[in-house]
Trainee: 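Sharing a structure here in structure tokens format.
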Amino acid sequence: MFDFVRSHRSWLMLFILVLILPSFVFFGIQGYNNLADQNNALATVDGVPITQQEYDAALRDRIERMRQSLGANFDAKLLDTPDARAAVLDQLVLDRALAREAAKTNVVVTTDRLREFLAAVPAFQQDGKFSYDRYKAFLASRGQTEAVFEQTLRNDLRKQALGQALIDSTIVPKQVTERIERILLEQREVRELRFPAEQFASKVALTDAQVSEYYQTNRKQFETPESVRVEYLVLSPETVSAAVSIPEPAVAAYYDQNKARFGTEEQRRASHILIAAEPSDKAAARKKADEVMAKVKAAPADFAKLARENSKDPGSATQGGDLGFFGRGMMVKPFEETAFRLKEGETSDLVETDFGFHIIRVTEIKAAQAKPLSEVRADIERELRSQQAQKYYTEAADQFTNLVYEQADSLQPAAAKFNLKMQSADNLTRSGIAPHLGPRMVEAIFTDDSLKNRRNTQAVEVASNTLVAARVLDYRPAAVQPLEKVAPQIRQVLERREAIRLAREAGEQRLATLRKEPNDAGFSAPKLVSRRQPQDLPPEALAEVLRTSADKLPQYVGAEISTDFRSATSAGFVIVQVASAKPSEPVAPAQRDAQTRAITQQAAAATELSYSEALKARHNVKILRSDLKTVATEESAAVAGTSGISSTSGDSSKSAGAAKSSAAPATATQQK
């Protein structure tokens, strides 16, 4: 056989080429790559897969953002639930669908829009103004270039712009808001009689057979998943920064090279008179400005009086034209150039800007001042340490990766070499998350080589510039807890369930009697309840009360309270006497306006959800992992079928809009 192959190798190669070549012609190499990606796909959008690697990256990003947001209050278990994991994938597919829709509809984010957004980000500001140095430091910390970051931001703003106009244009008719308001404030006068479950606990008699039967029927509830106890090392710029020392000459040199950063820039205080000019009537404005200018030259001491009488800048006219102190970049360019050219006490000629004609007088000058080294030494050392730590991490990453692999029976050599603190985690499961131990790291921990041979895992990049290697110290296989251990827990559940049943039976019997022979024995004092003010009436009972027609009162209604409400003693049964219906109290205008805004916001949220689901249906989103499906995903087809929403582009980023609003100029001369 092998002799035949060797003898006819050229013919066989030609035969194989004939078989394979057409598939490359028709499908291309990308087709084979897509096939491989499909096998690793968790979902698809327009047939394009979202892979496990993309999902892991998104999960790590969400964990990191939550950690930064919550600080010491962060608990990784918040994301260790089926709903949380499904939400990560749902956001991924929605982002992909939005990106494809933005490309399809040619939504454009202009350079001015991008610049406006960046200028409004607090992290990029210093003394209330955009700082290019802070912007560069932020990019360096993320290991990104300006071009890559800004393109990503453009894409995000494009996606955000799609649905924002639709959401902002949400209008709820007045009749609807008034109807909702009446429903929310609808009142009933009630008295209640409760049958708490604990009053019937003494009547419950459970047998060991019942406990055993529940255990056998629900064994899955008492199964503990396989878990491990691990030790691990984290290599990142933060963990190696303690080993970095900054010599005093380096601090002094950095200070000398960057003195402009460690001080206050020159500031000017000026007053001005603004003669507003409309494009259609600029000549008249110029004539008026010349007249005022002549008065200023004739009586310089009357500048403040002339400003109050003639200036059209509402922010400064009442102050005699005084604008206070300002630095470079705070005023429009022609105004700034003139103000920083004048000497203290000098008055300018007419200066034309988009706002009209200005007469400017510089009243005070604060020269630029540098802070002494002693005041900024800590900041410089921190910045230099961060830079050196980043450099050290870059140099150490490959060594760390090789060392934990080559000396796989212990992490101690790596800890000693890089001066890292050994960390640990216990009771870690396959679906668990711990600090620095995201899905990719957990997957590496639960490999056969790690579990059985107790070898170090490979160094896994769990976040940007963060490598983690772990080693299993103890492994506990999945097991069902023995009956004797969980029997008290089962008995408590069954006793509670039986007590609630007895309370319900007693309550229903009393309710039937009251409906035949009404009486008030045992009922509480009357009180008014509404959807807004339930007065501690359990939700189940409140629903029954408000469901009762106002035309058929008084009536008795009952409801089982099977779940805890307010306290552990609230479960059981409650009978409510609905005595009468009361008209709602008049609502103050401010409260009505707040209510209208709240209703509109809820309608906008519903619109956003409908748009999202319609968009996912339009781009043929398919979730391929059943355990990562959300309720919204399962119902998306029905929602999309009734929404009929089309994409609309518009102004994006509420946060940028809010930032712009909060930074609105106090005078007409300041830049937008």
Side-chain angles (χ1 to χ4, degrees), residues 59 63 74-88 197-198 200-232 423-455 457 470-504 560-565 567-572 625-631:
L59 181 59
I63 291 172
F74 173 71
D75 184 358
K77 292 181 180 179
L78 293 172
L79 292 174
D80 189 17
T81 66
D83 288 343
R85 290 191 289 271
V88 173
E198 68 270 12
F200 298 84
S202 60
K203 299 179 181 181
V204 176
L206 289 179
T207 65
D208 291 342
Q210 288 174 296
V211 174
S212 178
E213 180 184 1
Y214 185 92
Y215 174 77
Q216 295 299 332
T217 306
N218 301 276
R219 289 176 64 89
K220 198 70 177 177
Q221 291 184 15
F222 309 108
E223 183 179 281
T224 56
E226 60 177 333
S227 63
V228 294
R229 179 168 62 90
V230 299
E231 61 180 8
Y232 61 95
Q423 302 185 53
S424 63
D426 200 1
N427 296 317
L428 182 68
T429 66
R430 287 183 183 268
S431 60
I433 299 174
H436 303 295
L437 302 181
R440 288 186 62 200
M441 193 67 239
V442 172
E443 183 180 350
I445 288 171
F446 279 90
T447 60
D448 286 344
D449 193 40
S450 177
L451 294 177
K452 296 179 180 179
N453 302 327
R454 302 295 169 89
R455 298 174 66 85
T457 68
R471 182 169 176 271
V472 174
L473 300 177
D474 187 27
Y475 171 71
R476 295 176 286 270
V480 177
Q481 299 177 74
L483 175 58
E484 54 270 21
K485 183 176 180 179
V486 297
Q489 176 186 345
I490 295 174
R491 186 173 294 276
Q492 184 179 13
V493 170
L494 293 179
E495 287 176 347
R496 175 181 169 78
R497 182 185 297 176
E498 182 64 11
I500 291 175
R501 186 187 67 79
L502 293 174
R504 182 184 68 246
E560 178 182 341
I561 315 302
S562 58
T563 57
D564 288 345
F565 176 70
S567 70
T569 61
S570 298
R625 280 264 300 271
S626 59
D627 60 315
L628 292 176
K629 287 184 178 180
T630 63
V631 174

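This chain uses plain numbering: 1 for the first residue, then up along the sequence.
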Trainee: Please report the interatomic distance CD(Gln492) to CZ(Arg497), rounded to the nearest 0.5 Å.
Mentor: 12.5 Å
Trainee: Strictly distance-based, threshold 3.5 Å: is any side-chain N or O of Thr224 a donor or acceptor partner for the main-chain N or O of Ala479?
Mentor: yes
Trainee: Testing the basics here: between Thr457 and Ala444, what is the closest heavy-atom pair and its distance to 0.1 Å?
Mentor: CG2-O, 3.7 Å
Trainee: What are the two closest heavy atoms between Leu428 and Phe446, and how far apart are they?
Mentor: O-CZ, 3.4 Å
Trainee: Quick one: are Arg504 and Arg501 in side-chain contact, heavy atoms under 4.5 Å?
Mentor: yes
Trainee: Any chance you could measure Glu223, atom CD, to Asn218, atom CG, to the nearest 0.5 Å?
Mentor: 13.0 Å
Trainee: Between Ala503 and Gly572, which heavy-atom pair has the shortest distance, and what is it?
Mentor: CB-CA, 4.1 Å
Trainee: Measure from the side-chain N and O atoms of Arg471 to the backbone N and O of Arg454, and report whether any donor-acceptor pair falls under 3.5 Å.
Mentor: yes
Trainee: Can you tell me how far CD of Glu498 sits from NZ of Lys203, rounded to the nearest 0.5 angstrom?
Mentor: 11.5 Å
Trainee: Can you tell me how far apart CG (Asp426) and CD (Glu231) are? Round to the nearest 0.5 Å.
Mentor: 12.5 Å
Trainee: Keeping the roles fixed (side chain from Ser450, backbone from Ile445), state whether a donor-acceptor pair exists under 3.5 Å.
Mentor: yes
Trainee: Gln210 versus Thr207: any side-chain heavy-atom pair under 4.5 Å?
Mentor: yes
Trainee: Quick one: are Leu483 and Gln216 in side-chain contact, heavy atoms under 4.5 Å?
Mentor: no
Trainee: Between Ile490 and Gln221, is there a side-chain heavy-atom distance shorter than 4.5 Å?
Mentor: no
Trainee: To check you understand the geometry: which heavy-atom pair defines the closest contact between Val230 and Leu437, and what is its length?
Mentor: CG2-CD1, 4.2 Å
Trainee: If you look at every heavy atom in Val204 and Ala499, which pair is closest and at what distance?
Mentor: CG2-N, 3.8 Å
Trainee: Can you pull the salt bridge (Lys or Arg N to Asp or Glu O under 4.0 Å) pairs that have at least one residue in residues 433-444, sequence neighbours excluded?
Mentor: none
Trainee: Hey, are the side chains of Val486 and Tyr214 touching, using non-hydrogen atoms and a 4.5 Å cut-off?
Mentor: no
Trainee: Given side chains that start at C-beta, do those of Phe222 and Lys485 come closer than 4.5 Å, heavy atoms only?
Mentor: no
Trainee: To the nearest 0.5 Å, tell me how far Gln489 CD sits from Leu494 CG.
Mentor: 10.5 Å
Trainee: Is the closest basic N to carboxylate O distance between Arg491 and Asp208 below 4.0 Å?
Mentor: yes
